[in-house]
There are 2 protein chains.
Amino acid sequence: MDAAEAGVARLRVLGERVTPARRAVLRVLAETADHLCVEDVLARADLIVPGLHRTTVYRAVETLGELGLVTHVHPAHGPVVYHLAAGLTGETHLHVRCRRCGAIQDVPADLLDEVADRLARTTGFQLQPDHAALTGVCRTCGDRPNAGTGAAIRPA
Amino acid sequence: MDAAEAGVARLRVLGERVTPARRAVLRVLAETADHLCVEDVLARADLIVPGLHRTTVYRAVETLGELGLVTHVHPAHGPVVYHLAAGLTGETHLHVRCRRCGAIQDVPADLLDEVADRLARTTGFQLQPDHAALTGVCRTCGDRPNAGTGAAIRPA
DNA sequence: ATGAGTGCAAAGTGTTTGCAACTAT
DNA sequence: ATAGTTGCAAACACTTTGCACTCAT
């Protein structure tokens with residue numbers, strides 16, 4: 001059983017409705033390791049469920065999110081991106097986003113563990129390290145210092 | 001000489017124009033320790049320069065940003081927020097944002113130093129830790145677990 | 001005087017909402 | 001049968017852009 005099927009099964013267990021739209025969103029997210037924004041999900045899911053509406057995708061990812069099947073990340077710029085939750089993929093990671101090229105990269109899940117500890121002890125703030133991307137400049141863009149001319153996706 | 005004046009002086013040195021709008025934006029940012037969004041800056045700057053236009057504030061913070069006088073932070077939700085750059089205030093910090101109440105809190109500038117080091121060594125990614133807020137739940141909101149009912153500014 | 005800055009209107013993203021029609025249970 | 005989902009249109013929040021006018025230099 002692949003991750004999409006597992007998601008559908010989970011919907012059933014939870015007594016939630018299994019609709020073509022939700023199936024399609026799960027399948028799309030299961031078929032890629034990338035982080036997709038609603039627009040991306042729509043483009044791919046529309047191939048499975050032609051005529052699928054953008055609003056429906058927004059609502060599907062929201063519901064699936066509340067049910068713990070899908071996770072979203074806020075990059076510093078541009079639309080929120082989604083992927084399957086760790087419960088379905090068995091994999092966790094954090095995110096960094098390049099200010100120059102806009103690419104989102106996965107980084108080890110434990111990267112901020114110490115920081116989270118320190119924050120909790122000193123300020124009582126409970127860090128959720130995977131919810132927002134860290135930002136900076138990726139190796140590729142950093143290697144050509146005079147970059148930013150033309151190739152950028154969503155510069156910041 | 002306060003920070004706003006210092007900013008104006010810096011504009012002169014750089015051969016940039018000193019306009020009422022830019023002056024007002026600098027003054028507003030100098031007069032608070034908070035992080036203000038364009039709307040906030042406009043509301044306060046409009047008291048100094050009545051009729052000031054929202055677009056002008058957007059352009060002022062952009063220019064002042066490019067000149068290194070103003071810094072901006074991307075919270076996970078809502079509008080970008082601005083404050084005077086470290087060069088003018090002599091103070092640096094990072095930001096964390098509460099998912100429940102939306103409040104932005106300052107945290108020590110060196111919080112992510114080790115993480116930045118590790119990232120640079122392992123992936124070549126150059127972290128800019130102050131550019132995006134970390135997210136989680138603040139002490140106040142964490143202390144009342146059944147929160148989220150009514151008081152939230154911009155929940156996430 | 002001249003070029004940078006401003007105001008305004010308009011458009012551009014990304015996202016949410018209200019409501020009638022539909023469908024999974 | 002009926003409550004939850006969907007499609008659509010419209011609104012929303014935030015930001016950018018084009019253009020004519022003004023003002024700091």
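Everything numeric here is computed off the predicted structure, so don't read it as measured data. Proteins come first, then strands; the chains are lettered A, B, ... in the order of their sequence lines, and each starts at number 1.
Rounded to an integer number of Å, the gap from CD of Glu16(A) to P of dA3(D) is 16 Å. Straight-line distance from the CG atom of Leu42(B) to the P atom of dA13(D): 16 Å, rounded to whole Å. The CZ-C1' distance, from Arg17(A) to dT25(C), rounds to 5 Å in whole Å. When the C1' atom of dA4(C) is taken as reference, atom CG of Leu67(B) falls 13 Å away, rounded to whole Å. The nearest whole Å value for the distance from the NE2 atom in His74(B) to the P atom in dC14(D) is 15 Å. Between Glu39(B) atom CD and dT15(D) atom P there is a gap of 10 Å when expressed in whole angstrom units. Spacing between atom CG of Leu64(B) and atom P of dG5(C) amounts to 10 Å, rounded to whole angstrom units.
Screening residues 14-33 of chain B for ring-ring contact (aromatic ring centres under 6.0 Å, His included), with sequence neighbours left out, gives no hits.
At a threshold of 4.5 Å between non-hydrogen side-chain atoms, the residues Arg99(B) and His77(B) do not count as touching. Proximity of Asp130(B) to Val73(B): side-chain heavy atoms (C-beta onward) are nowhere separated by under 4.5 Å. Inter-residue side-chain proximity for Leu84(A) and Leu26(A) is flagged as met; some heavy-atom pair is nearer than 4.5 Å. Taking the side chain as every heavy atom from C-beta outward, Arg22(A) and Val8(A) never approach each other to under 4.5 Å. No side-chain heavy atom of His95(B) sits under 4.5 Å from any side-chain heavy atom of Leu134(B).
Taking the six-membered ring for Trp, His83(B) and His93(B) have ring centres closer than 6.0 Å. Checked against the 6.0 Å centroid criterion, the rings of His72(A) and His131(A) qualify as a close aromatic pair.
Within residues 19-28 of chain A, the residues having any heavy atom under 4.0 Å from DNA chain D are, by residue number, Thr19(A), Ala21(A), Arg22(A). In the region residues 52-59 of chain A, proximity to DNA chain D at under 4.0 angstrom, judged on heavy atoms, holds for Leu52(A), His53(A), Thr55(A), Thr56(A), Arg59(A).
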> Please walk me through it: do Glu114(B) and Arg118(B) pass salt bridge (Lys or Arg N to Asp or Glu O under 4.0 Å)?
Replying inline: CA-CA 6 Å; Glu114(B) 288 166 38; Arg118(B) 200 176 336 156; 5.1 Å; no

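Within the nucleic acid shown, Val38(B) has no heavy atom closer than 4.0 Å to any nucleic acid atom. Note on Val80(A): only backbone sugar-phosphate atoms sit closer than 4.0 angstrom, heavy atoms only; bases stay farther off.
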